[in-house]
Protein chains: 2
Amino acid sequence: MRSTARVRQIPVSFKPGMASSTLRERVRRSTFLEKLAEPEDLAPLFKVTTTTCVSMTLVPKEDAHGLQVGWSGFTGVGYPKRVPTALADLVEQNNLQSKMRFNLFVGASTGPEVEDRWAKLDMIARRYPHQVGKEVAKGINAGRIAFADKHLSMFPQDLTYGYYSLKKKHGDPKKHLDWAIIEATAITEDGHIVPGASVGATPEILETAEKIIIEVNTHLPNLEGLHDISQSFIPPHRQPYLISHPEDRIGKTAIAIDPDRVVAIVESHLPDNTGQNSPEASFPPSLLLAFLAEEVDAGRLPRTLLPLQSGIGNVANSIIGGLADGPFDKVMVWTEVLQDTFLRFFDSGKLDFATATSIKFSPEGFDYFYANWANYKDRLLLRSQQVANSPEIIRRLGIIAMNTPLEVDIYGHANSTCALGSRYVYTTTSVACAEQLIRMLNGLGGSADFLRNAKLSIMHTPSTRPTKTDPTGLSCIVPFASHIDQTGRWRQHDLDVVVTEQGLADLRGLSPRERAPVIINKCAHPDYRDLLMDYYERSLHECLAAGRGHEPHMLRNAFKFHTHLMEHGTMKVPKWD
Amino acid sequence: MRSTARVRQIPVSFKPGMASSTLRERVRRSTFLEKLAEPEDLAPLFKVTTTTCVSMTLVPKEDAHGLQVGWSGFTGVGYPKRVPTALADLVEQNNLQSKMRFNLFVGASTGPEVEDRWAKLDMIARRYPHQVGKEVAKGINAGRIAFADKHLSMFPQDLTYGYYSLKKKHGDPKKHLDWAIIEATAITEDGHIVPGASVGATPEILETAEKIIIEVNTHLPNLEGLHDISQSFIPPHRQPYLISHPEDRIGKTAIAIDPDRVVAIVESHLPDNTGQNSPEASFPPSLLLAFLAEEVDAGRLPRTLLPLQSGIGNVANSIIGGLADGPFDKVMVWTEVLQDTFLRFFDSGKLDFATATSIKFSPEGFDYFYANWANYKDRLLLRSQQVANSPEIIRRLGIIAMNTPLEVDIYGHANSTCALGSRYVYTTTSVACAEQLIRMLNGLGGSADFLRNAKLSIMHTPSTRPTKTDPTGLSCIVPFASHIDQTGRWRQHDLDVVVTEQGLADLRGLSPRERAPVIINKCAHPDYRDLLMDYYERSLHECLAAGRGHEPHMLRNAFKFHTHLMEHGTMKVPKWD
């Protein structure tokens with residue numbers, strides 16, 4: 001047991017820190033209290049050796065692997081705050097920018113005060129599988145940060161498969177990460193970890209890390225009981241997830257770890273730096289609610305609906321707000337991230353149970369939530385992202401997935417951005433648009449996990465958005481929604497339903513030539529309806545004549561909405577060539 | 001029970017047919033023998049009424065739904081032969097072309113002698129979710145046939161959800177199809193149906209059909225025991241598939257039906273019209289076998305590997321041939337379709353067990369298989385496509401997916417064609433290439449079900465293919481593999497491994513800028529290596545300067561390989577602009 005031995009022998013060079021009485025209550029494994037430390041004393045443990053000084057050449061050497069560090073955190077919630085900050089301070093104070101660099105693995109995004117600061121200090125050599133932040137994006141685009149995205153349900157399993165440590169030569173060969181830095185709200189007698197307000201990839205990061213630092217956050221309440229932590233097996237030993245209802249528990253309330261790998265405990269009082277949620281938009285939820293009611297009447301949905309997934313953003317918030325005032329009772333939610341409107345949905349009495357991998361409330365939302373913790377704790381469960389985004393469970397439960405696309409084309413293909421985190425929306429500065437399209441690279445996120453496997457895949461979007469010069473300058477219904485970006489990062493999805501404030505298009509069972517008139521007539525803004533119908537009819541005429549009439553397009557005009565927007569600040573094309 | 005009553009009252013206007021002694025043995029439910037009929041007597045049951053005379057206007061009226069007919073069959077195997085032929089004869093003899101038209105639902109493709117003939121006679125108003133055949137494609141492109149593809153694991157569930165019968169006004173509202181025409185090799189005492197050499201969507205087609213005609217094929221042996229038929233549940237009642245090993249059985253050996261819905265039994269002696277399999281190519285399997293052996297040595301794969309999925313085509317056949325001569329024992333296969341080389345793999349003693357949804361052997365392969373049936377029957381299981389292609393099981397088992405792409409780009413995105421059926425390959429007539437690219441519309445097939453959820457997603461392809469004028473005129477490694485077609489039908493996939501006869505690129509854990517040099521140096525043909533590296537380096541230089549260096553491209557040159565091929569019969573671009 002080479003690695004364990006090494007961990008035990010780590011010279012504890014830090015002086016024991018002071019523990020609050022809350023911390024002493026929360027850390028129920030007494031030997032861990034002896035490992036209490038201050039972050040600034042821990043930072044030097046991340047020694048600057050040749051292996052950590054990864055010089056990321058533009059064509060990186062295959063063996064250029066630095067220290068592999070995993071953090072807890074998902075959608076900017078539940079990430080470690082003090083140790084990463086101490087490391088950034090160390091770098092800043094000692095001019096180690098571009099010298100002390102890490103391969104950073106987190107389930108999804110963390111707080112900008114740590115991650116974006118690391119990027120600004122050029123401390124990130126590699127960042128998988130998702131990121132949000134100006135400085136991170138800048139580092140990726142400048143060639144300093146190696147980034148590859150991955151479907152969020154797959155990242156933790158690829159980590160346990162060893163796919164991110166194929167060339168790792170140092171340390172324990174069975175541990176894919178050198179360090180895990182994890183936020184907890186309590187530690188059990190067994191040394192098991194009760195996470196904060198997200199689970200994400202934390203179980204797999206802990207499982208695969210050689211050394212562990214735990215930040216126990218005593219600003220948050222002890223969230224014990226909120227989590228369902230299932231063990232991650234590797235094929236051929238993987239078993240079915242025995243979940244057939246959102247309430248089903250298949251695991252424990254804390255993450256099991258080997259206590260000997262815990263190097264230090266740090267107390268933290270810092271809140272998650274979530275910022276405000278998007279407000280509810282003026283998007284009317286009535287069309288979608290009426291559609292769901294019709295599905296119930298037709299016997300295609302139960303009276304209580306099927307478990308809902310809802311993306312992030314103001315339109316999604318309007319829909320959830322509508323459900324809080326809506327006709328459906330005993331509704332269940334199986335989603336990735338919960339936002340403030342879900343509190344209203346809970347309080348309405350109509351939401352029976354919700355499960356996700358992260359709670360991303362606003363600061364006020366969190367205050368309210370923690371103050372009323374007793375009301376919610378039995379109606380809420382956080383799971384790992386491998387489970388929350390599992391295609392297996394999403395398909396089995398028959399999830400109703402509701403997300404906001406960037407745009408939808410006349411055949412019902414959507415350019416979807418992330419179901420999580422900061423969703424990209426065209427800026428009103430239309431000229432900057434194309435550039436931003438090209439640079440956009442938060443990562444795939446979890447959207448595809450849901451969209452591909454849902455029983456009903458619904459996209460809700462306003463029919464237009466304003467530009468600087470035209471209140472309806474940007475049509476969200478376009479002739480051709482392709483992978484405009486050059487990175488192949490946006491995927492198309494075939495939708496079941498598209499809904500705008502104009503109307504709802506039910507695309508199920510329709511062929512492309514049937515979809516186009518339905519989408520145009522029901523969903524497009526009146527300012528664009530004739531233009532789009534003219535595009536479709538001309539395309540149809542041309543393509544039928546050419547014997548390729550399955551999904552007709554005039555390729556020369558396919559992106560004219562987009563080019564016209566860039567040149568004239570509106571998609572209102574005067575005519576088709 | 002309105003519908004059952006109606007079925008019982010169907011006037012049996014046909015005279016009972018003659019039964020062979022084999023048929024009398026096979027049909028163990030004696031009352032079914034009273035329903036024996038000749039196909040030509042059944043054809044008039046499919047009455048030409050206003051509802052069946054669907055005049056497919058180019059913008060179809062929403063209520064224009066004809067008779068909904070489902071057939072058994074998958075990859076041209078196990079489809080009904082005599083009744084569809086009799087219907088085609090009826091149409092031909094009575095000049096009912098374009099008048100007697102059907103909405104045709106089959107799990108995947110059937111034999112050209114029935115499906116393509118129906119298309120030629122303009123008998124197909126709608127064809128979901130997959131098709132193969134010149135006349136069908138022509139009908140789709142001419143606007144006569146409404147076609148929409150769907151991931152093959154999703155089609156049967158969408159059928160049971162009622163998504164293909166939303167506007168159906170006639171008949172039993174709970175039955176989504178009017179007719180099921182199904183091939184069987186036996187019928188049990190309970191009236192349950194033992195399928196032929198494919199399962200596909202047959203269970204769901206039978207479940208949702210109001211009236212059933214069964215063709216009992218006495219040319220084939222009784223295949224009882226070959227199938228594992230599990231019931232299809234609808235959310236919220238869907239349960240986990242309790243399969244954690246390819247051998248696990250979760251169902252019965254026959255498809256349960258309501259015997260009262262059986263209108264007629266027809267005896268058939270016709271073989272599946274499969275044609276020859278692709279020969280084994282001269283593609284060397286050694287690189288891939290060596291990679292798998294290294295994965296075993298590194299502890300990332302068990303000694304017996306993990307269950308294999310293998311696509312169709314001569315490269316795939318070479319790989320399976322290589323495994324038959326290879327170092328791995330007790331190998332398991334979880335795939336979509338089995339071809340002739342699997343017989344060799346079985347006979348080598350190295351393949352322990354295989355499961356799929358269809359067996360697509362050549363005629364000689366089938367003869368050999370049926371003659372040696374006793375050797376195979378306990379090592380083989382056919383499941384429905386909903387199970388065989390289930391993301392749930394593919395991910396759980398940790399499938400090693402091996403397929404041949406159309407092309408792979410320098411960042412490891414593949415344009416994958418179908419994992420099943422006739423895989424599209426560029427013609428050597430390069431000028432026809434672009435046109436064919438645009439017209440290609442067999443449907444998504446099952447590839448994405450496997451590629452997305454596999455533990456290892458491997459693409460094997462020759463590095464080049466010949467054109468008329470250049471033996472290496474077509475590079476399978478290209479600068480940009482995008483959705484060149486205008487239908488959005490090809491999807492990109494991120495691969496773990498790309499292998500050509502030149503070498504193997506292990507892309508796991510690599511960022512795009514790391515992948516490009518690896519793919520170019522290991523996989524591209526020497527004729528293209530410098531050209532591709534020059535493309536990459538120029539792109540890198542330009543994009544870093546522009547602050548968008550994540551996955552660098554020169555968009556103006558991205559398709560120059562393809563345009564040069566069309567103009568000059570080779571992808572050997574003299575220089576980049």
Side-chain angles (χ1 to χ4, degrees), chain A residues 58-60 126 138 140-143 146-148 161-166 234-236 238-242 244-245 300 302 306 391-392 395-398 411 413 438-439 441 452-453 455 482-483 486-488 491-492 506 508-514 517 540 544 547-551 553 555, chain B residues 58-60 126 138 140-143 146-148 161-166 234-236 238-242 244-245 300 302 306 391-392 395-398 411 413 438-439 441 452-453 455 482-483 486-488 491-492 506 508-514 517 540 544 547-551 553 555:
Chain A
L58 293 174
V59 182
R126 196 176 286 277
K138 210 192 278 180
I140 294 167
N141 276 317
F147 169 72
Y161 291 165
Y163 286 3
Y164 297 120
S165 53
L166 293 175
I234 286 182
R238 200 178 276 161
Q239 295 298 318
Y241 291 121
L242 295 180
S244 49
H245 191 281
R300 284 188 293 269
L306 286 167
E392 165 174 345
R395 194 174 287 206
R396 181 184 307 143
L397 298 185
Y411 297 111
H413 307 302
I438 285 169
R439 288 167 201 252
L441 32 73
R452 172 69 71 81
N453 293 290
K455 180 177 178 190
S482 186
H483 301 233
Q486 42 174 317
T487 66
R491 317 286 156 131
Q492 288 186 325
D506 181 354
R508 293 173 297 172
L510 300 187
S511 68
R513 287 193 307 271
E514 292 169 306
L540 182 66
L544 284 178
R548 46 185 170 84
H550 175 53
E551 198 168 296
H553 274 295
L555 281 185
Chain B
L58 294 174
V59 182
R126 193 176 289 275
K138 208 190 280 181
I140 294 167
N141 275 318
F147 169 72
Y161 291 165
Y163 286 4
Y164 297 121
S165 52
L166 294 175
I234 286 182
R238 199 179 277 161
Q239 295 298 319
Y241 291 121
L242 294 180
S244 49
H245 192 281
R300 284 187 294 268
L306 285 168
E392 165 174 344
R395 193 173 288 207
R396 182 184 306 143
L397 298 185
Y411 296 111
H413 307 301
I438 286 169
R439 289 168 200 249
L441 33 72
R452 172 68 73 81
N453 293 290
K455 180 177 177 189
S482 185
H483 303 231
Q486 42 174 314
T487 66
R491 316 285 157 129
Q492 287 185 326
D506 182 354
R508 293 173 298 172
L510 300 186
S511 68
R513 286 193 308 269
E514 292 168 307
L540 183 65
L544 284 178
R548 47 185 170 82
H550 175 53
E551 198 168 295
H553 275 295
L555 281 185

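Predicted model only: the values in this text are computed from it and were never measured. Here is the naming used below: chain letters follow the sequence lines, and residue numbers restart at 1 for every chain.
B:Ser511 OG to A:Arg126 CZ: the interatomic distance, rounded to the nearest 0.5 Å, is 5.5 Å. The CG atom of B:Leu242 lies 9.0 Å from the CD atom of A:Gln239; values are rounded to the nearest 0.5 Å. Atom OH of B:Tyr241 and atom CZ of A:Arg396 lie 9.0 Å apart (nearest 0.5 Å). Expressed to the nearest 0.5 Å, how far CZ of A:Arg548 lies from CD1 of B:Ile140 amounts to 15.5 Å. Taking NE2 of A:His550 as the reference point, atom CZ of B:Phe147 lies at 5.5 Å (rounded to 0.5 Å).
Salt-bridge formation is not detected for the pair A:Glu392/B:Arg395: no Lys NZ or Arg NE/NH1/NH2 atom is positioned less than 4.0 Å from an Asp or Glu carboxylate oxygen.
Looking at A:Pro302, the atoms closer than 4.5 Å to chain B (heavy atoms on both sides) all sit in the side chain, from C-beta outward. In this structure, the portion of A:Leu397 lying under 4.5 Å from any heavy atom of chain B is its backbone and not its side chain.
With contacts defined as side-chain heavy-atom distances shorter than 4.5 Å, the pair B:Lys455/A:Tyr163 qualifies. Residues B:Ile234 and A:Leu306 fail the side-chain proximity criterion, which asks for heavy atoms closer than 4.5 Å.
Considering all non-hydrogen atoms of both residues, B:Asp506 and A:Leu166 come closest at OD2-CD1, 3.7 Å.
Each of A:Arg238, A:His245, A:Lys138, A:Arg300 has some count of heavy-atom pairs under 4.5 Å with chain B, and the biggest count is that of A:Arg238.
Not a single donor-acceptor pair under 3.5 Å links the side chain of B:Arg508 to the backbone N or O of A:Tyr164.
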